[in-house]
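This report concerns only the one structure given below.
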Amino acid sequence: MNVKKTFSCCCRTVLMVFFVIASLAGATASAADRPDIIYIMSDDMGFSDIGCYGSEIATPRLDALAADSLRFTQFYNTARCCPTRACLLTGLYPHQAGVGHMMSDRGYDGYRGDLNRNCVTIAEALRSAGYRSYISGKWHVTKVTRPEREEDKHNWPLQRGFDRFYGTIHGAGSFFDPNSLTRDNQSISPFADPEYQPEQFYYTDAISDHAVRFIREHDAQFEERPFFLYVAFTAAHWPMHALEKDLAKYKGKYDAGYQAVRDARYRRMIQLGVIDPASTVNWPIPEEWKETEHWQWDKRNMEVYAAMIDSMDQGIGRIVQALQETGQ
């Protein structure tokens with residue numbers, strides 16, 4: 001099996017989903033035409049927040065992928081995480097999929113807060129081409145997070161084409177005790193899970209670890225079949241939660257203030273060819289935008305945010321390592 005790599009900087013890119021579904025959703029496709037596919041999504045991360053797009057945050061694994069792939073410089077922005085997920089899963093505009101805003105029913109078909117049945121997910125489409133599909137991470141395309149009946153789970157991952165699921169149904173929460181944590185169709189607690197008991201539970205690590213598990217289990221049990229893996233990180237969505245070992249790398253990193261970070265990123269983005277200096281302007285930050293009263297707290301938030309992205313990059317490194325070790 002082979003893996004095709006297309007790299008994008010940010011959670012807002014959905015361009016490739018149309019072509020993936022169109023080219024692979026045929027039962028007559030030969031094995032050579034069925035590459036393994038992995039989507040990796042970062043939640044609410046900024047355009048220049050990783051190294052290969054100009055950031056000061058250490059993301060060597062993503063940078064290595066980008067060095068041998070494509071970096072998109074244009075993308076469609078839905079402005080929120082759940083409509084982005086609806087786009088990424090279906091190849092449609094979010095309103096067409098029923099998730100035009102957040103997870104509440106506003107009384108209109110485009111704003112039901114639930115992935116509708118007028119669309120198919122990429123997992124549903126790929127099943128007809130012989131794929132097994134896995135998701136590790138955040139779902140967030142249904143308003144039903146605490147179902148009273150089994151039929152209330154009609155828009156959970158296993159009911160929308162996926163064979164295995166580990167992650168959260170809800171949109172946000174603690175990285176140390178996430179709510180709506182689910183394995184397949186069963187709600188679980190991170191502290192009473194016989195299948196996964198790390199020394200310290202941290203959701204970003206759990207997402208990466210289960211992505212690795214799905215890769216290895218697929219290789220052992222279904223090697224003859226291609227797979228689709230959707231790795232849906234919650235990092236770097238609020239709340240700002242990071243591990244101390246990652247936080248230590250960024251202590252004092254933002255003491256120089258917003259303008260210094262902005263200027264350094266702008267220069268780096270030009271050097272990398274991500275932006276064109278002829279069509280962009282690095283305006284100075286207005287004085288009234290600068291934080292003064294809560295600056296110590298604010299820059300600490302920036303350190304934590306950087307550590308969250310760093311941790312995600314480490315997890316992506318483990319995913320790539322699992323692919324290499326299974327000969328993919």
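Numbers for residues simply follow the sequence, beginning at 1. Only heavy atoms go into these numbers, but all of them, side chains included; no hydrogens, no water, no symmetry mates.
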Ring centre gap for [X] and [Y] strictly below 6.0 Å:
X      : Y      : value
Tyr53  : Phe47  : yes
Trp238 : Phe175 : no
Tyr111 : His101 : no
Phe228 : Tyr39  : yes

Test applied, side-chain hydrogen bond (donor to acceptor under 3.5 Å, both in side chains); reference residue, Tyr134; option that passes from His218, His210, Arg164: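 Exactly one candidate clears the test, His218.
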For residues 265-273, run the donor-acceptor check on the side chains, cut-off 3.5 Å, and write out each pair with its distance to 0.1 Å, sequence neighbours left out.
residue: Arg265; atom: NE; partner: Glu56; partner atom: OE1; Å: 2.9
residue: Arg265; atom: NH1; partner: Ser48; partner atom: O; Å: 3.1
residue: Arg265; atom: NH1; partner: Ser48; partner atom: OG; Å: 2.9
residue: Arg265; atom: NH1; partner: Asp49; partner atom: OD1; Å: 2.6
residue: Arg265; atom: NH2; partner: Asp49; partner atom: OD1; Å: 3.2
residue: Arg265; atom: NH2; partner: Ser55; partner atom: OG; Å: 3.4
residue: Arg265; atom: NH2; partner: Glu56; partner atom: OE2; Å: 2.9
residue: Tyr266; atom: OH; partner: Thr280; partner atom: O; Å: 3.2
residue: Tyr266; atom: OH; partner: Thr280; partner atom: OG1; Å: 2.9

Are Asp209 and Tyr166 close enough that a side-chain donor and a side-chain acceptor fall under 3.5 Å? no
Judged by modelled atom types alone, do Asp109 and Asn116 share a side-chain donor-acceptor pair under 3.5 Å?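 Per modelled atom types, Asp109 and Asn116 side chains form no pair under 3.5 Å.
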Check side chain to side chain donor-acceptor pair (under 3.5 Å) between Arg300 and all other residues, then give those that pass, not counting sequence neighbours.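 Applying side chain to side chain donor-acceptor pair (under 3.5 Å) to Arg300 gives Glu303.
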Hits for side chain to side chain donor-acceptor pair (under 3.5 Å) against Gln321, two or more places apart or cross-chain, chain-then-number order -> Glu325
Just say parallel, tilted or perpendicular for the rings of Trp297 and His294, cut-offs at 30° and 60°. perpendicular
Distance check, rounded to the nearest 0.5 Å: Phe233 atom CZ versus Met41 atom CE?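 It is 12.0 Å, given to the nearest 0.5 Å.
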